[in-house]
Structure formats: C-alpha cells, structure tokens
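In the text below, chain A, chain B and the rest are named by the order of the sequence lines, each starting its count at 1.
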Amino acid sequence: MNEKRYGVFIASHNKELAEGLTDLLKEMARDVSITFAGGTDDGDIGTSFEKIQQALTENNANELFAFYDLGSAKMNLEIAIEMMENKKVHLMDTALVEGAFTASTLIQANASYDEIMEQLRPLKIK
Amino acid sequence: MLTVDHTTNWLILFAKKIYEKKDYLNELDSAIGDGDHGSNMARGMKAMEEKLKDGQFSNVQDVFKAASMALLSKVGGASGPLYGSAFMGMAKQGGSDETDLVAILQAGLQGIQLRGKSAKGEKTMIDVWIPVIEALESESLSKEIIQDAVLQTKEMKATKGRASYLGDRSVGHVDPGAASSGYLFEAMLDGGILNE
C-alpha cells in the first residue's frame, strides 16, 4: 500500500453513519488513511471529544481534511484540533458525504492541496 | 476567593440540580430542540462527579479542567463543547488568579462565545451568563436575578443552535441551555462561594 500525503477524517453523531461513509470512501480511495469518530463513548447519538481526538491521532497522515455532520461535532472537532500538536487538520464546512468523497478521491489521485480546496469550495454549505 | 473544596462543592451541587431537573430540561429541549438536553447534561454530570470525587486536586484550575474534560467527552450534544469550553476558560483564568470570581466567570463566558460564535439576545446560555456576571460585579447577584435572566430567554427568538431552525416558533419557550446555566449559578450561590 502506497500511503497518501493527506488523510481524511469523519465525525458524526451516529456511529453507523461515520462507519458506513468511511467504508464507502475506502472503496474509492484505497490508499488514503481514513479514520472516523461516531456517537458518544457509550454508543449513543452524539459526539465525544475523546473519540475524535483518538481517531485523529490514529490517522496515518500528518495532514488531514476533516468532515462532520452537525453542530456539536464541529465544536468538539475544533477543540481537538486546537489541542493537536503534531498534525495539521483542515476543518471543512462542506456537505459531509460529497465533501469527504471529493477529498478522498482527489487525494487518491495525488491532487495537490490547492486542487482539493478548489473542488471543496463549492460544496461548502455550513 | 475560590478554593479546591468550594469549587468541587459548587460543581457537585450543580450536578445534583441537573439530576433533579433532568426531565424538565428534556421537556424544554423537546419544544425547541431534540429533547435530550437534560439526559445529555445528566450523563456529563455523572462523569464529572466521578472525576471530582476520585481526584486529588492541588488547585482550582485542575478542578475546572477535570470538569471540562468530563463534559467534553460525555455530554454528546452541543452543550458538551460549550460547557467544556466554559470550564476550560475558567481553569485558565483560575490558574492565574483564584481570587477574582468575576474574572473567572468572564473567562468562562468568553469560552462559550468563542466556541458557539454567539452574541447577547440570541436565546442561548450566554443570556444568563452576561446578566449574572453584571450582577456579581455590582454585588447584587441573587436567585431572583438568575431566574429572571432564564425567563427572559422565553420571548427571545433563537438565531443560534438547533432552535434557530424553528425561527419565530422558538419564541415562547425558555431556552434549555439558559435553564441549565441558571442551575450552575444557583449552585454557586448555594455553595456559599460569595460568602467567602
């Protein structure tokens, strides 16, 4: 496996949603490190800072594009990013599925940061 | 002046109020949100209480920090990062000066505002934090003032958070985050922190 420069991270209130989307992305972007955090620590609907922090750390890439579903996911993600010391994380306010899909496929195709950002820009909805 | 004991006691009293009012907070949240503010907060409070009871804290900063981390990870909803950021701000300020409660609360308010990008009058918890801090500054803080601030959110129209999707239909309901913040400050009075 030829690991790509950028990684992708998914945060959702629902574990299955995060996991399902990750599976979908991996079909298209086999060499991209994609990690996710979904649901609370107890497996309920919600987000957990600790889970997000762990999944960001576990991602093999040092520079990530991070996508989320709703409000508290973004806030917990922001806090985790602020505390992250050795990784660069780009928090994307795009539509979750479309944004993560676009980024993953472009990373797989070795697109540059600028090219990825250019394609993500029209997908910004939040 | 805050001490480790006072601060711990304050937060445990806060947890107790949240447990007591869990159903009421859920009910408030059902009207304008997703109905889980009470359950979410109670879950966070339980984690916070465990951390506070287990912990050996040498200063106020560490108490607030423990509370912050528990809420960030266990609440689940938006109130987790909001209260988490409030307590994180209070921890930082407490670390530099444990004597100035107004400055500590102001740092908490700033934490919420930065995280939630909210301003006064948007029907959120900060509509309680702002008048409480003002009253504290003028040494006139009472339970009436806290309750009044909570009730004032009833006629506001939400423009932030989940309730903002409802627009005008959010008017006529007390904001659940404002209500839980009201309990935080009632617990502060009950804890006798102002008498020190």
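More than 12 heavy atoms of other residues, nucleotides or ligands sit less than 6.0 Å from atom NZ of Lys143(B). Atom OH of Tyr165(B) has 12 or fewer neighbouring heavy atoms from other residues, nucleotides or ligands inside a 6.0 Å radius. Within 6.0 Å of atom NZ in Lys160(B), more than 12 heavy atoms from other residues, nucleotides or ligands are found, so the atom counts as buried in its surroundings.
Note that CD of Gln53(A) and CG of Leu72(B) are 9.5 Å apart. Values are rounded to the nearest 0.5 Å. To the nearest 0.5 Å, atoms CD (Glu82(A)) and OG (Ser85(B)) are separated by 7.5 Å.
Taking each heavy atom of Ser73(B) and Asp41(A) in turn, the nearest pair found is O-OD2, 3.6 Å. In terms of heavy atoms, Pro81(B) sits closest to Ser72(A) at CG-O, 4.1 Å. Closest approach of Asp42(A) and Lys74(B) over heavy atoms only: OD1-NZ, 4.4 Å.
One hydrophobic cluster, built from ILVMFWY side chains closer than 4.5 Å, cannot hold both Leu166(B) and Met156(B); they sit in different ones. Transitive grouping of hydrophobic side chains (ILVMFWY, heavy atoms separated by less than 4.5 Å) brings Leu28(B) and Val75(B) into a common cluster. Tracing side-chain contacts under 4.5 Å through hydrophobic residues (I, L, V, M, F, W, Y), one reaches Tyr83(B) starting from Ile133(B); they form part of the same cluster.
Interface summary for chain A: among Met69(B), Arg43(B), Met88(B), the most heavy-atom pairs under 4.5 angstrom belong to Arg43(B).
Only the side chain of Thr40(A) comes within contact range of chain B, judged by heavy atoms closer than 4.5 Å.
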